[in-house]
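Right, one structure below, let's go through it.
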Amino acid sequence: MKCPMQHRTPLLAAFWTALLCLHTPRLFAQPSPAAVAAFNTYTQSVEARLAQQHRSSTNFLSVDSNPQALTRLRSGELILENLTPQHSETSGSLLHHWRGTAFASGATAADFEHLLTNFNAYPKNFSPEVLQANLISQQNGHTFATMRVRQRHVITVLVDTAYDITSGHLDAHHGYSISQSTRISELDPMTNVALSPDEEHGFLWRLNTYWSYEERDGGLYLQIESVSLTRAIPTGLGWAIRPYVESIPRESLDFTLRSAVNAIQKGSR
């Protein structure tokens with residue numbers, strides 16, 4: 001009888017070869033103009049749809065008209081949905097779109113708004129991913145903030161990010177926040193030194209995050225949508241590493257949503 005590891009060895013070798021290819025910078029380490037334009041067009045459509053939702057208290061969240069989903073959420077379940085369009089690859093880039101929904105029993109809209117605006121507490125509330133968070137300025141309805149984020153999967157990715165954040169309310173029980181990345185810079189995870197544009201690996205080029213929240217049923221429903229842009233998978237290696245690459249946005253969204261729920265529930269006790 002052959003050892004199972006003999007069958008797994010070629011697959012493991014291919015997987016690690018694929019990861020090394022991803023970890024090697026390319027001449028086009030930055031997104032192409034076509035990729036950026038496609039990302040901007042897509043996020044504009046997402047924002048238009050959310051703006052329409054946010055004008056209605058009966059359809060503020062995607063689950064508002066789904067009693068079964070609301071029951072699942074109140075029982076403590078997280079609902080995660082992959083909204084990535086079928087044709088998500090453009091000019092050497094991949095677009096990722098995920099949505100997550102949760103319920104924080106006993107929490108209020110005010111609790112969540114405090115969580116979002118208390119940047120000094122981000123390293124505690126979103127540990128271990130968020131290492132630093134700073135409020136830069138607030139003007140004309142926009143909040144400008146920066147964060148340093150570290151993600152550990154098979155490899156460690158460290159990035160400095162800057163965001164333009166806007167927020168609003170339908171009423172005292174319904175609110176939203178739109179966070180658009182304005183700068184993402186990759187750092188060497190060993191030295192914390194910023195890489196040059198030609199040295200970056202394209203693990204994250206753009207990231208927009210959309211929060212919607214609704215206070216009712218004795219707690220707070222939280223919904224987050226994340227749209228990100230990364231480099232594409234090298235030709236011929238999709239079979240080996242596509243599941244790994246596509247799992248990262250999901251895991252990051254899951255972590256952010258769970259951390260937010262935990263933080264506001266602790267703060268509301």
(message) For a side chain to side chain donor-acceptor pair (under 3.5 Å) check, start with the C-alpha distance between D111 and H114, then their side-chain angles and the critical distance, and finish with the verdict.
(response) CA-CA 5 Å; D111 294 330; H114 176 70; over 6 Å; no
Heavy-atom side-chain proximity of [X] to [Y] below 4.5 angstrom:
{"X": "S185", "Y": "E200", "result": "yes"}
{"X": "E186", "Y": "F203", "result": "yes"}
{"X": "Y163", "Y": "Q180", "result": "no"}
{"X": "L220", "Y": "T108", "result": "no"}
{"X": "S93", "Y": "R231", "result": "no"}

(message) As an exercise, state the distance from CD of Q53 to CG of D64, rounded to the nearest 0.5 Å.
(response) 8.5 Å
(request) Name all residues meeting the side chain to side chain contact (heavy atoms under 4.5 Å, CB included) criterion together with R72; count only those two or more places apart in sequence or in a different chain, and write none if there are none. (result) E77, I79
(message) Under the criterion ring-ring contact (aromatic ring centres under 6.0 Å, His included), I'd like the reasoning laid out for H54 against F60: C-alpha separation, chi angles, the key distance, then a yes or no.
(response) CA-CA 5 Å; H54 294 159; F60 200 81; 4.6 Å; yes
(message) Check the orientation of Y221 and F103. Use parallel for under 30°, tilted for 30 to 60°, and perpendicular for over 60°.
(response) tilted
(request) Determine, step by step, whether E225 and T209 satisfy the side chain to side chain donor-acceptor pair (under 3.5 Å) criterion, reporting the C-alpha distance in whole Å, the side-chain angles of both residues, the deciding distance to 0.1 Å, and the verdict. (result) CA-CA 6 Å; E225 294 193 34; T209 303; over 6 Å; no
(message) Test side chain to side chain donor-acceptor pair (under 3.5 Å) on N82 and T84; report intermediate values, then the result.
(response) CA-CA 6 Å; N82 186 354; T84 302; 2.8 Å; yes
